[in-house]
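Data first, discussion second: the structure below is written as structure tokens.
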Amino acid sequence: MTTKPRARKFRIRRSSPAAAPGPSGAAAAEQASAAPARPAPLEAAQAPPEAPAHPVQKPAPQPAERPAPPQAPAHDAAPAHSHSPAAGPARTPAGASGPKPQAATALTGLVSSASETKLEKDLAGIRKEGLTGRQLRLARRMAQKHNLPAASDFEAVHMLRARGIDPFKRANMLELVVPQNSAQPPGSPPAPGRVQLPQTVPASKTTLPSAELSPAERRAKEIQKIQIGIARRRRRKLTMLAARLSFFVIVPTLAAGYYFYEVATPMYSSKSEFLVLKADSAGGGVGGLFSGTQFATSQDSIAVQSYLQSKEAMLRLDREAGFKSHFTQDWIDPIQRLEPQPSNEEAYGTYSRNVKIGYDPTEGVVRMEVSAADPQIAAEFSRKLISYAQEKVNNLSHQKRADQMSEAEAALAEAEAQRRAAQEQLVVLQQHGSVLDPEGVVASLRSQISTFEIQLEEKRLELAALLDNARPNRAKVSGAEADIARLEQVIENLNNRMIDASAGENSLANLRIQIQMAQADLATRDLMLQSALQQVETTRLEANRQVRYLTTAVEPVASQEPSYPRKFENTVLAFLIFSGIYLMCSLTASILREQVSS
């Protein structure tokens with residue numbers, strides 16, 4: 001619900017005394033005393049009482065006027081002659097008849113100031129926004145909350161916006177929610193002191209200065225107090241943060257920087273590089289593809305790196321070069337110095353910090369950096385370690401090559417022994433039968449028997465030819481018969497020899513079989529001996545290819561300037577480490593605090 005707007009004002013020129021006749025001075029005074037007083041504009045209501053923008057006059061009572069009820073609705077389309085108690089009596093425009101016609105002869109209209117005109121324009125603009133009744137009621141309630149003397153809902157919107165308050169913001173609207181227990185039952189009279197909306201704010205009836213601060217001054221003072229409190233808390237938190245940073249970050253960083261710049265003993269480093277190479281391989285196959293690359297010796301290089309970083313190398317270096325005695329000298333700073341008679345574990349910790357070895361798999365190079373308090377000693381340590389690595393490389397393939405060669409030579413010796421035994425067995429068989437070649441003897445007998453059988457057939461044919469004569473020659477027939485008998489006897493003897501050589505254990509046939517088996521065994525042993533000889537030669541070549549060589553690419557040289565400690569880099573690193581620790585602890589504490597509070 002809204003109240004009726006005030007009557008519109010018109011800017012009308014005053015008629016000059018010469019152009020328009022007016023009433024006498026007494027009549028003008030009476031007209032002025034009888035004219036209703038105009039309400040003070042918004043700027044005048046907000047101004048301090050000591051300097052009012054316009055003089056406030058009490059309106060004269062008019063019995064004919066009757067105030068409008070407080071619950072009557074007001075709209076923009078209300079007639080201009082309607083008025084409310086807060087707005088004052090309606091003004092009479094020029095030319096209109098009123099209850100006092102004599103006033104029209106003195107003034108033709110009322111003149112509004114620039115502030116009133118601006119206020120009317122602002123209110124007209126707010127009316128054009130098309131605000132709903134709910135929004136206007138919210139604006140009136142918010143104006144009541146901020147103690148703004150708004151005569152209408154539109155003036156409430158205007159005053160709130162003039163103070164920088166958005167009456168339709170969600171956060172501001174939530175502040176107007178009242179508790180449920182303050183609601184009154186319907187039909188009951190309102191509680192004392194409770195504000196019933198909508199209603200108008202009556203204009204102030206007094207012009208005396210007030211001892212209370214204006215809402216704007218009170219709000220500015222409260223804002224100033226809040227700002228002072230925020231600044232005080234911010235300074236306190238910044239002070240605590242600076243104290244924590246100083247204790248946990250700055251002071252440790254300064255201590256580390258003081259140690260690196262003033263206390264730490266300068267260390268001289270000697271750098272060297274070496275490679276583990278393999279003998280050139282003339283053979284083909286897949287293994288020959290990697291013979292000239294770093295992949296062929298990667299395992300050997302890694303083994304050498306592990307050996308140089310081991311405790312065994314440290315103990316050998318201590319025995320031959322005095323590693324422990326060098327780092328137990330009194331002029332070395334307490335952090336890097338070893339105690340007198342240190343244990344192997346303590347010495348190995350110092351050895352690990354001062355001997356750095358790295359293997360580059362892409363290039364196959366082993367890089368070594370040895371640090372010591374004296375540059376000459378650092379170079380000596382580096383040369384000793386390189387010699388240890390060379391011995392280790394030689395020992396890596398020595399056992400493998402020795403095993404391969406021993407196995408090949410043992411196989412060759414066994415093949416030779418077996419061939420010798422087979423040859424001896426053949427000779428024994430040949431001596432036992434008194435015949436070196438039984439097969440040749442049998443073949444010879446068969447050849448003789450065949451020859452004599454041919455001659456026997458010829459003599460028989462010759463005898464048959466002689467007997468075909470009617471009167472054969474007796475001498476020739478007798479000779480042919482004698483030859484036939486002799487040939488048959490020879491053939492019979494040869495057959496007997498053949499039968500005797502093929503029968504029994506010592507027959508030529510049995511002896512022939514044994515000799516053939518001994519000859520086959522001897523041939524087999526000859527092949528095995530030849531294969532063993534070839535295996536020995538192949539193993540010897542392979543062993544030669546497996547030989548590893550350690551080649552020093554960069555010789556260790558004594559440095560003239562210390563390499564460690566790196567003062568600035570180490571100080572910055574200490575600062576980053578302490579900062580990270582502090583940040584991690586702070587985040588952990590904040591998370592724990594939030595979990596506990598929730």
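Below, all heavy atoms of this structure are taken into account, side chains as well, without hydrogens, waters or symmetry copies. Heads up: numbering here begins at 1 and tracks the sequence.
Judged by distance alone, with hydrogens and angles left aside, the side-chain atoms of S382 form no donor-acceptor pair with the main-chain N or O of A378 at under 3.5 Å. Side-chain N or O atoms of N495 include one that pairs as donor or acceptor with a backbone N or O of I491 at under 3.5 Å. Although no hydrogens or angles enter the test, the distance criterion places no donor-acceptor pair under 3.5 Å between the side chain of H326 and the main chain of I377. At least one donor-acceptor pair closer than 3.5 Å links the side chain of S559 to the backbone N or O of S269. The closest donor-acceptor contact from the side chain of S531 to the backbone of L527 lies at 3.5 Å or more, if one exists at all.
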Donor-acceptor pairs under 3.5 Å, side chain of residues 460-470 to any protein atom, not counting sequence neighbours: which ones?
residue: R460; atom: NH2; partner: E488; partner atom: OE2; Å: 2.5

Could you pull out all donor-acceptor pairs under 3.5 Å where a side-chain atom in residues 303-310 meets a protein atom, sequence neighbours excluded?
residue: Q305; atom: NE2; partner: I357; partner atom: O; Å: 3.4
residue: S306; atom: OG; partner: I302; partner atom: O; Å: 3.0
residue: Q309; atom: NE2; partner: I357; partner atom: O; Å: 3.0
residue: S310; atom: OG; partner: Y307; partner atom: O; Å: 2.5

Would you be so kind as to tabulate the donor-acceptor pairs closer than 3.5 Å made by side chains of residues 332-342, with sequence neighbours excluded?
residue: D333; atom: OD1; partner: Y259; partner atom: OH; Å: 2.9
residue: D333; atom: OD1; partner: I335; partner atom: N; Å: 3.2
residue: D333; atom: OD1; partner: Q336; partner atom: N; Å: 3.1
residue: D333; atom: OD2; partner: T265; partner atom: N; Å: 2.9
residue: D333; atom: OD2; partner: T265; partner atom: OG1; Å: 3.0
residue: D333; atom: OD2; partner: Q336; partner atom: NE2; Å: 2.6
residue: Q336; atom: NE2; partner: T265; partner atom: O; Å: 3.3
residue: R337; atom: NH1; partner: D330; partner atom: O; Å: 3.3
residue: R337; atom: NH1; partner: I332; partner atom: O; Å: 2.5

Which pairs of donor and acceptor atoms, one on a side chain in residues 226-242, lie under 3.5 Å apart (sequence neighbours left out)?
residue: T239; atom: OG1; partner: R235; partner atom: O; Å: 2.7

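Scored by the side-chain hydrogen bond (donor to acceptor under 3.5 Å, both in side chains) test, Y564 finds E369 as partners (sequence neighbours excluded). Residues satisfying the side-chain hydrogen bond (donor to acceptor under 3.5 Å, both in side chains) test with T571, not counting sequence neighbours, are none.
The ring of F327 has its center closer than 6.0 angstrom to the ring center of F323.
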